[in-house]
Amino acid sequence: MPRPATRPADSTAFTDFVAHASASPDVVGLVLSGSHAGEGMATAHSDHDVYVITADDRTGAPAALLDGRRSAALDVMRLSLSEFRTRGLPGGTDPWDRYAFVHSRVLLDRLDGTITRLVAEKAALDAPEAHRLVRSELDAYINSLYRSVKSHRDARPAVAHLDAAESVPCLLTVVFALHQRVRPYNEPPSRRRQSKSTDRPSSAQRASPSASVLILSAT
């Protein structure tokens, strides 16, 4: 079934906001994330998620930049450049938000490619990071799974199910990390789309899903 088209009012509000923010000297970057950043992902209920990145020496954003925030059309988040550098990364702010950058689009980059580079770094795992993630999350998965098995043995089905459920996110993180990919949100595959920077498979990404299972079993 075809997806409903996005509301024209949403597109207009988004276009107007981007034009206004781009004209502000305080703004050094604009990044569109969420469903509108990926082709074929938006629905009639989708808003436009926009990161507004300001220079570190700007203590506050112009009030006009916050117009429409948390409306049906726009979800605007203002971050300083320093805050944006660590956004979504381990040890930084809101690491859960990392997948938002996998299919994001840079709308404005006044820093000679710095914003574009930072987005690309968030969108994929490098080899050392993937290795660390596999080790830590695989350990967490095995621990939760073992606790679940023990609870089944001890006739505690509710606890066993909870531990088994908690193990699943760890396992999914491991499977994607083996391919140097950020674990996606829980959405139908048809709505997920890797960014152009991660469409080209690396040597790790060329491994088949069955290869991932074999690696997990061997480990």
Review point. Does the side chain of D75 reach to within under 4.5 Å of the side chain of V50, using non-hydrogen atoms?
Key: no

Point to revise | Sub-4.5 Å side-chain heavy-atom contact between L111 and L81 | key: yes

Check your understanding: Which residue pairs pass the salt bridge (charged side-chain N to carboxylate O under 4.0 Å, His left out) test with at least one member in residues 123-141, sequence neighbours excluded?
Key -> R98-E129

Please set out all donor-acceptor pairs under 3.5 angstrom arising from side-chain atoms of residues 157-172, sequence neighbours excluded.
residue, atom, partner, partner atom, Å
S167, OG, A164, O, 2.6

Review point. Quick one: does S148's side chain have a donor or acceptor within less than 3.5 Å of a partner on S144's backbone?
Key: no

Revision key, fill the gap. D97 meets the salt bridge (Lys or Arg N to Asp or Glu O under 4.0 Å) criterion, sequence neighbours left out, with R87

Exercise for review: Report the residues that fulfil ring-ring contact (aromatic ring centres under 6.0 Å, His included) with H131, sequence neighbours left out, ordered by chain and then residue number.
Suggested key: none

Review point. How many angstroms lie between OH in Y99 and CZ in R181, if you round to the nearest 0.5 Å?
Key: 7.0 Å

Point to revise | Joint hydrophobic cluster, L89 plus V182, side-chain heavy atoms closer than 4.5 Å | key: no

Point to revise | same_hphob_cluster(L145, V175) at 4.5 Å side-chain heavy-atom cutoff | key: yes

**Study point:** Which residues share a side chain to side chain donor-acceptor pair (under 3.5 Å) with S82, sequence neighbours left out
**Key:** D56

Check your understanding: With side chains defined as the heavy atoms from C-beta onward, is the minimum distance between V52 and F17 less than 4.5 Å?
Key -> yes

Revision key, fill the gap. What one should report as the nearest heavy-atom pair of G29 and I115 is CA-CG1, 4.2 Å

Review point. Tell me, which pairs form a side chain to side chain donor-acceptor pair (under 3.5 Å) where one or both residues lie in residues 116-125, sequence neighbours left out?
Key: D109-T116, R117-E121

Review point. Looking at side-chain heavy atoms only, is the closest gap between R105 and L107 below 4.5 Å?
Key: yes

Point to revise | Test item: S136 side-chain N/O and L133 main-chain N/O as donor-acceptor pair under 3.5 Å | key: yes

Check your understanding: Do Y51 and F101 have ring centres separated by under 6.0 Å?
Key -> yes

Check your understanding: Taking side chain as C-beta onward, heavy atoms only, is L30 less than 4.5 Å from S22?
Key -> yes

Practice item. Heavy atoms only: give me the nearest S24-R110 pair and the separation to one decimal. Key: O-NH1, 3.2 Å

Point to revise | Identified side-chain contact (heavy atoms from CB on, under 4.5 Å) partner of F84 from the options T54, I53, T114 | key: I53

Review point. Do F14 and L108 belong to the same hydrophobic cluster, where Ile, Leu, Val, Met, Phe, Trp and Tyr are linked whenever their side-chain heavy atoms lie under 4.5 Å apart, directly or via other members?
Key: yes

